[in-house]
Amino acid sequence: MTKLVSEVRRELTDRILPFWMGLRDDERGGYIGQVDFDLTRRPDAPKGCILNSRILWFFSEAYRTLGDSKLLEEAHHAYKMLCRMIDEEHGGVYWALNADGTVFDGTKHTYNQAFAIYALSAYSRASGKEEPLQQALSLFELVENRCFDGKGYLEAFTVDWQPAGNEKLGGGGLQAKRTMNTLLHVLEGYTGLFEASRSEKVREKLVFILNLWADQFYNPEKRRQEVFFDLDYHSLLDLHSFGHDIETSWLADHTLEVLGDEELTARIRPLLLSLADRTLEVAFTDHGFANEGEGDHVDTTRIWWVQAEALMGFLSAWQKTGEQRYFDAVNTQWEYIQNVLVDPRPGSEWYWCLTEGGTPMERPIVEPWKCPYHNGRMCLEVIRRLAKRGQKR
């Protein structure tokens, strides 16, 4: 494990961090919102809340892990932009701003609010400032008042919080009213908020979400999560999202560790381990981790975030079970990432996606969803979990 930690730290400090620091926009604020496949920068591209929130979270947590004051300065810079994304009139964060700071897309989505909560909570912990924590708590109250309907979370709203179509996360033509993806990141955002605030109200919601997930989202027969739902939690599509399953397997387990509720852990952890077990069986090979399966069709595209989450999910499963197969999968996945997914061109980072055979597909290196959150977080988690343990296998 010493070798893994050393290599992951080098990837973080020599490639991922410098790349994102180099996208800082000192003229208009925030960070450049798009870099094309050919590495052309688009400084006039809109700046999405998802991208900016994840950048703020990343630099905040990188500072907390590495202690480099330059990273805290980057977090300060990202925080200023996120504050501009808050709608002072109607509350909540916009979907995206234009590069000049005007509103590009005023959609209010539960997913966006969750990531803003996640980022603000991390920044508060990194900076020691109270204001971002209060902003995060205010967004929590807004989500509970505007998005929670007693049975779960509604998702898409207009700028003034009227119900809207869920094109952005609702499965395209399906227009799902509830999605696994949004619930997962509400859980994630609330977990970060609980770590920062220790609010009993936030704790209660985390317990509710985990039980809701087990009752409505987890499919015990197929050992997977369902993805898209109507209001009454009827699944709308026979879809197995391998990437989200392996991501959930460790993210939700982290929530269990934060809560420290033995009874809840006894109920939820076996289900999370079943996600890791099942995806190891059906999605993982020695040349990466498949994206998803719909019915009998498997999408074998190797997507950057799925590869990072696969390594993290297997690492978490190994730490919980001690099973060699998970440990072997961690090392195999890291070799794949290093040898194939990392873009070797100077001034780049990771490819967006590859074919199953390893050919890069011409997707942007940066865009509203392509961010340092998945691969950066993987690096930070490996360092945090293993560096101090000095494990050797």
Side-chain angles (χ1 to χ4, degrees), residues 12-13 16-17 20-21 23-24 29-31 47-86 92-93 110-143 184-199 202-203 205-206 209 247 250-259 305 308-309 312 369 371-385 387:
L12 176 65
T13 59
I16 298 175
L17 280 166
W20 289 96
M21 293 168 74
L23 295 182
R24 177 166 167 159
Y31 294 79
K47 296 177 178 179
C49 179
I50 293 172
L51 178 59
N52 194 82
S53 293
R54 290 172 169 182
I55 290 172
L56 172 56
W57 178 90
F58 172 60
F59 282 126
S60 298
E61 291 299 315
Y63 170 73
R64 293 186 64 236
T65 301
L66 302 176
D68 184 343
S69 61
K70 293 179 182 178
L71 302 177
L72 185 58
E73 171 54 33
E74 297 293 339
H76 290 327
H77 186 73
Y79 172 65
K80 293 176 186 176
M81 175 55 72
L82 185 56
C83 287
R84 293 167 63 184
M85 293 178 168
I86 297 173
V93 293
T110 307
Y111 188 99
N112 261 20
Q113 314 311 311
F115 266 103
I117 290 169
Y118 193 46
L120 290 165
S121 300
Y123 178 63
S124 176
R125 296 179 78 191
S127 66
K129 295 181 178 180
E130 181 67 18
E131 182 180 7
L133 178 57
Q134 292 305 314
Q135 291 169 312
L137 287 167
S138 294
L139 287 174
F140 166 78
E141 294 291 344
L142 181 143
V143 169
L184 171 62
H185 295 298
V186 171
L187 177 74
E188 177 185 39
Y190 283 11
T191 300
L193 179 58
F194 180 69
E195 290 179 292
S197 69
R198 294 291 156 175
S199 162
V202 177
R203 173 191 282 275
K205 295 305 299 190
L206 287 170
I209 291 170
E247 182 181 21
W250 79 268
L251 268 184
D253 195 89
H254 174 67
T255 303
L256 293 173
E257 291 180 338
V258 169
L259 291 174
W305 72 264
E309 297 301 338
M312 267 311 307
W369 294 91
C371 60
Y373 152 79
H374 292 282
N375 55 356
R377 182 173 65 182
M378 180 208 78
C379 295
L380 294 171
E381 285 290 330
V382 167
I383 294 168
R384 288 170 174 172
R385 290 170 181 242

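Since we're looking at a predicted model, the values are computed, not measured. One-based numbering along the sequence shown. Computed over heavy atoms, backbone and side chain alike; hydrogens, waters and symmetry mates excluded.
Qualifying side chain to side chain donor-acceptor pair (under 3.5 Å) partners for Thr65, counting only residues two or more places apart in sequence or in other chains: Arg384. Thr110 is linked by a side chain to side chain donor-acceptor pair (under 3.5 Å) to nothing, counting only residues two or more places apart in sequence or in another chain. Checked against side-chain contact (heavy atoms from CB on, under 4.5 Å), Leu66 has the following partners two or more places apart in sequence or in another chain: Arg9, Leu12, Thr13, Leu17, Leu71. Not counting sequence neighbours, the partners of Arg84 by the side-chain contact (heavy atoms from CB on, under 4.5 Å) test are Met81, Leu97. For the ring-ring contact (aromatic ring centres under 6.0 Å, His included) test, residues two or more places apart in sequence or in another chain that qualify with Trp305 are His244, His374. Taking the side-chain contact (heavy atoms from CB on, under 4.5 Å) definition, one finds that Ala122 meets it with Trp57, Ser60, Glu61, sequence neighbours left out. Applying the side chain to side chain donor-acceptor pair (under 3.5 Å) rule to Asn375 yields the partners Glu349; only residues at least two apart in sequence or on another chain are considered. With sequence neighbours excluded, the residues forming a side-chain contact (heavy atoms from CB on, under 4.5 Å) with Glu257 are Asp253, His254, Arg269, Lys320, listed by chain and number. With sequence neighbours left out, Arg125 forms a salt bridge (charged side-chain N to carboxylate O under 4.0 Å, His left out) with Glu195. Phe140 pairs by the ring-ring contact (aromatic ring centres under 6.0 Å, His included) definition with Tyr190, not counting sequence neighbours.
For residues 132-142, the set of pairs meeting the salt bridge (Lys or Arg N to Asp or Glu O under 4.0 Å) definition, not counting sequence neighbours, comprises Glu141-Lys201.
Between Tyr111 and Trp369, the ring centre distance stays below 6.0 Å.
Inspection of the Glu74 and Tyr63 side chains reveals no N or O donor paired with an N or O acceptor under 3.5 Å.
Here the closest non-hydrogen pair linking Val258 and Arg198 is O-NH1, 3.9 Å.
Rounded to the nearest 0.5 angstrom, Arg24 CZ and Phe59 CZ are separated by 9.0 Å.
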Atom pairs and distances, donor-acceptor, side-chain atoms in residues 130-137, under 3.5 Å, two or more places apart:
unit_1, atom_1, unit_2, atom_2, d
Glu130, OE2, Gln134, NE2, 2.5
Gln135, OE1, Tyr79, OH, 2.7

